[in-house]
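Below you'll find the structure, written out as structure tokens, and then a few comments.
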Amino acid sequence: MSNTTLRKDFLWGNSVSSMQTEGAYNEGGKGPSVYDLIEAGEHRSDWKVATDDYHRYAEDFDLMKDLGMNCYRFQISWSRVQPDGEGEFNEEGIQFYSDFIDGLIERGIEPMICLYHFDMPLALAQKYHGFMDRHVVDAFVRYGQEMIDRFGDKVKYWLTFNEQNLYSTPTAPTYAGALDTPGTLENILTITHHVMLAHARVAKYLHEQTSNEIGGMLAYTEIYPATSKPEDNFYTEQINQFYNYNLLDAFTGRGYVPAFLNIIAQNNFDIIKPGDLAIVQDQYNDFMPFSYYRSTTLSAEKVQDLADLLTNADDYFQDNPNLKTTEWNWQIDPLGFRNIIVKIWNRYRKPIFPIENGIGVIEEWNGKDEIQDDYRIKYHRDHLQALKDAVAIDGVDVIGYLGWGLIDILSSQGDMRKRYGVVYVNRTNHDLRDLKRMPKKSYHWLQKVIASNGENL
């Protein structure tokens, strides 16, 4: 394949969230978030230290520069810059991110800001049940606008919500800071809409105030019908419509899919207010960002109707017998990755940007020898080849590829055993050790891949 496969300015990098990396939970004027309520368990750390990036980010930036990375997607912790989510802004927290961004730029690394990654300021969760309440939509917009005002001159790429379609799933209240709120159909649809309103208003502000770029982001899991039965295919399309196309259409100025509005109307849910739909439509994605790790299948054998599917979706997903599975039961499917890239491109013709991809594995370091993680090399190699095929064969415009947590971080459940990194961080769930950073075998492989702009896989 010719060396013109990928853009010359292709973005190679790393993605993380603040609570999985920063630590310093009570330093620098930071207020508590919902994560500070979570206590350690058998296979779960608390969130107080994470990988101590608050104090060690320069060391991690040096590793990223040495790897050749030119993009880093990180998250601003809302409660670090605005402790209660609605009152005064914390200048010490804002200065931390200003210095953080400068450190990236000095190393030739393009910063990408994500504004929200599930860590609702605790005060907003306790007072308003998070995004169940429109007050929190307004609070988020004020926060987002302030961050754009502060950092818009330094940061080109922006995201509002991490994996926004997770707010359309039965676990939506957890991600939305809606403490102890059940995942009923009405609550799922309410949160979906409120989060979209917040996204649309911030996206519009960014386009009005700057020439920067923003994307609404999905967690894109490829879902196949479990069999060739028409019902399996039909309900697979239904879940795709609600989890993916409903948001993607809105992100590109088309508004919601009709079925989303119909199910709200048919149930007489008081969710859509006058003027809302105009706000949702008055926005556009500059690029199409998504995370991808795996695929699954859907069996409709016991699905009663659409409402049942949306509130009990996990009950109907089944493993694919044709795929290998990680120890976390995530199925490895590079061709599914290519298929998603091609589908989004063909439907929307906006530049595609996979901003999370990787494999989580239990790994232990013996204190001296390099970890031989050939399985990680194979995972990324196969997915990068799928991406290159989407570009070279299918004609897709892909602007970059960001791995997830390529310097080890806590997993989304707080489990340090589940490691995605090409760099090992020396801590366990209950022993902080020295937090030393140690490159794995995959580090040196990735270094060569980036140096060749994806030619040398």
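Heavy atoms only: backbone and side chains are in, while hydrogens, waters and symmetry mates are out.
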Notebook entry, point to check: Under a 4.0 Å N-O cut-off, is there an ion pair linking Lys30 with Glu22?
Noted result: no
Check: Would you say the ring centroid of Tyr97 lies under 6.0 angstrom from that of Phe151?
Finding: no
Note to self: Looking at Arg437 and Asp62, is there a salt bridge between them, counting it only when a charged N and a carboxylate O are closer than 4.0 Å?
What the structure shows: no
Checklist line | Ion pair check, Glu91 and Arg150, cut-off under 4.0 Å | finding: yes
Next item on the list: Using the six-membered ring of Tyr424, assess whether NZ or CZ of Arg419 lies under 6.0 Å from its centre and within 45 degrees of the ring axis.
Entry: yes
Checklist line | Exam field: side chain Ser79 to backbone Gly31, donor-acceptor pair closer than 3.5 Å | finding: yes
Notebook entry, point to check: So, do Met120 and Leu179 sit near enough that their side-chain heavy atoms are less than 4.5 Å apart?
Noted result: no
Note to self: Using 0.5 Å steps for rounding, measure from the OG1 atom of Thr174 to the CZ atom of Phe118.
What the structure shows: 10.0 Å
Notebook entry, point to check: Knowing that exactly one of Phe140, Trp78, Phe251 qualifies, which makes a ring-ring contact (aromatic ring centres under 6.0 Å, His included) with Phe161?
Noted result: Phe140
Check: Is the backbone of Asp315 close enough, under 3.5 Å, to the side chain of Asn312 for a donor and an acceptor to pair up by distance?
Finding: no
Checklist line | Flag if over 12 foreign heavy atoms under 6.0 Å of NZ, Lys378 | finding: no
Item checked: Sole candidate of Asn244, Thr221, Ile223 that passes side chain to side chain contact (heavy atoms under 4.5 Å, CB included) when paired with Ile239 -> Ile223
Check: So which of Thr181, Asp180, Val136 actually passes side chain to side chain contact (heavy atoms under 4.5 Å, CB included) with His129?
Finding: Thr181
Check: Taking 4.0 angstrom as the limit, do Asp415 and Arg417 come out as a salt bridge?
Finding: yes
Margin query: Quick check against the 3.5 Å criterion: does Arg338 have a side-chain atom that pairs as donor or acceptor with the backbone of Pro334?
Written below: no
Note to self: If you define the side chain from C-beta out and look only at heavy atoms, does anything of Glu237 sit under 4.5 Å from Asn240?
What the structure shows: yes
Checklist line | Worked verdict on Leu248 versus Met288 for side chain to side chain contact (heavy atoms under 4.5 Å, CB included) | finding: CA-CA 8 Å; Leu248 291 171; Met288 306 298 276; 3.6 Å; yes
Margin query: Could you report the tightest heavy-atom contact between Leu406 and Asn14, atom names first, then the distance?
Written below: N-OD1, 2.9 Å
Check: Does Trp12 reach the side chain of Leu67, with side-chain heavy atoms less than 4.5 Å apart?
Finding: no
Next item on the list: Answer yes if the ring centres of Phe74 and Tyr57 are under 6.0 angstrom apart, and no otherwise.
Entry: no
Margin query: Holding to side-chain hydrogen bond (donor to acceptor under 3.5 Å, both in side chains), I want the full list of residues that pass it with Ser33, two or more places apart in sequence or in another chain.
Written below: none
Next item on the list: Return yes if some donor-acceptor pair links the side-chain N/O of Asn246 with the main-chain N/O of Val257 below 3.5 Å, else return no.
Entry: yes
Checklist line | Side-chain donor-acceptor pair present, Arg294, Thr326, cut-off under 3.5 Å | finding: no
Note to self: Taking side chain to side chain donor-acceptor pair (under 3.5 Å) as the criterion, tell me which of Tyr293, Tyr292, Tyr379, Trp404 meets it with Asn357.
What the structure shows: Tyr379
Item checked: Inter-residue atom distance Gln304.CD - Leu309.CG, 0.5 Å rounding -> 11.0 Å
Margin query: Is it true that Asn162 and Arg73 share a donor-acceptor pair across their side chains at a distance under 3.5 Å?
Written below: yes
Check: Is Tyr224 close to Thr236 at the side-chain level, that is, under 4.5 Å between some pair of heavy atoms?
Finding: no
Atom pairs and distances, side-chain donor-acceptor, residues 189-200, under 3.5 Å, sequence neighbours left out:
unit_1	atom_1	unit_2	atom_2	d
Thr190	OG1	Glu186	O	2.7
Thr192	OG1	Tyr167	O	2.9
Thr192	OG1	Ser168	OG	3.1
Thr192	OG1	Ile188	O	2.8
His193	ND1	Tyr256	OH	2.8
His193	NE2	Asp276	OD2	2.8
His194	ND1	Phe131	O	2.8
His194	ND1	Met132	O	3.4
His199	ND1	Thr160	OG1	2.6
His199	NE2	Gln283	OE1	2.9

Notebook entry, point to check: Is there a donor-acceptor pair under 3.5 Å between the side chain of Asn165 and the backbone N or O of Ala219?
Noted result: yes
Notebook entry, point to check: Step by step, would you call Asp102 with Lys154 a side chain to side chain contact (heavy atoms under 4.5 Å, CB included)?
Noted result: CA-CA 8 Å; Asp102 289 346; Lys154 299 181 185 181; 2.9 Å; yes
Notebook entry, point to check: Could Lys418 and Trp330 be counted as a cation-pi pair, given that NZ or CZ must be under 6.0 Å from the ring centre and within 45° of the axis?
Noted result: yes
Margin query: With side chain to side chain contact (heavy atoms under 4.5 Å, CB included) as the criterion, how do Arg56 and Thr51 come out once you've worked through the C-alpha distance, each side chain's angles and the decisive distance to 0.1 Å?
Written below: CA-CA 8 Å; Arg56 297 171 185 248; Thr51 58; over 6 Å; no
Notebook entry, point to check: Would you say Asn90's side chain and Gly28's backbone share a donor-acceptor pair under 3.5 angstrom?
Noted result: yes
Margin query: With heavy-atom distances below 4.5 Å as the criterion, would you say the side chains of Val398 and Phe10 are in contact?
Written below: yes
Next item on the list: Please confirm whether the backbone N or O of Gly414 pairs with a side-chain atom of Arg44, one donor and one acceptor, at under 3.5 Å?
Entry: no
Checklist line | Those residues that, when tested against Lys448, pass side-chain contact (heavy atoms from CB on, under 4.5 Å) (two or more places apart) | finding: Asn456
Next item on the list: Would you please indicate if the ring centroids of Phe61 and Phe100 are separated by under 6.0 Å?
Entry: yes
Note to self: Determine whether a donor-acceptor pair (N or O, by modelled atom type, separation under 3.5 Å) exists between the side chain of Lys156 and the backbone of Glu110.
What the structure shows: no
Notebook entry, point to check: Any side-chain heavy atom of Met416 within less than 4.5 Å of one from Asp408?
Noted result: yes
Check: Do the side chain of Arg80 and the main chain of Glu92 share a donor and acceptor less than 3.5 angstrom apart?
Finding: no
Margin query: I'd like to know if the side chain of Ser15 pairs up with that of Glu356 as donor and acceptor (distance under 3.5 Å, no hydrogens or angles considered).
Written below: no
Margin query: Gln82 vs Glu88, test: side chain to side chain contact (heavy atoms under 4.5 Å, CB included). Steps then yes/no.
Written below: CA-CA 6 Å; Gln82 193 181 25; Glu88 294 299 309; over 6 Å; no
Check: Going by distance alone, is a donor N or O of one side chain under 3.5 Å from an acceptor N or O of the other, for Thr428 and Asp431?
Finding: no
Check: Is the backbone of Gly183 close enough, under 3.5 Å, to the side chain of Asn187 for a donor and an acceptor to pair up by distance?
Finding: no
Checklist line | Check: Thr21/Asp53 side-chain N/O donor and acceptor closer than 3.5 Å | finding: no
Margin query: Other residues, nucleotides and ligands only: do more than 12 of their heavy atoms fall within 6.0 Å of CD on Glu327?
Written below: yes
Check: Is there a side-chain contact between Leu446 and His380, using heavy atoms and a 4.5 Å cut-off?
Finding: no
Notebook entry, point to check: With side chains defined as the heavy atoms from C-beta onward, is the minimum distance between Gln238 and Tyr235 less than 4.5 Å?
Noted result: yes
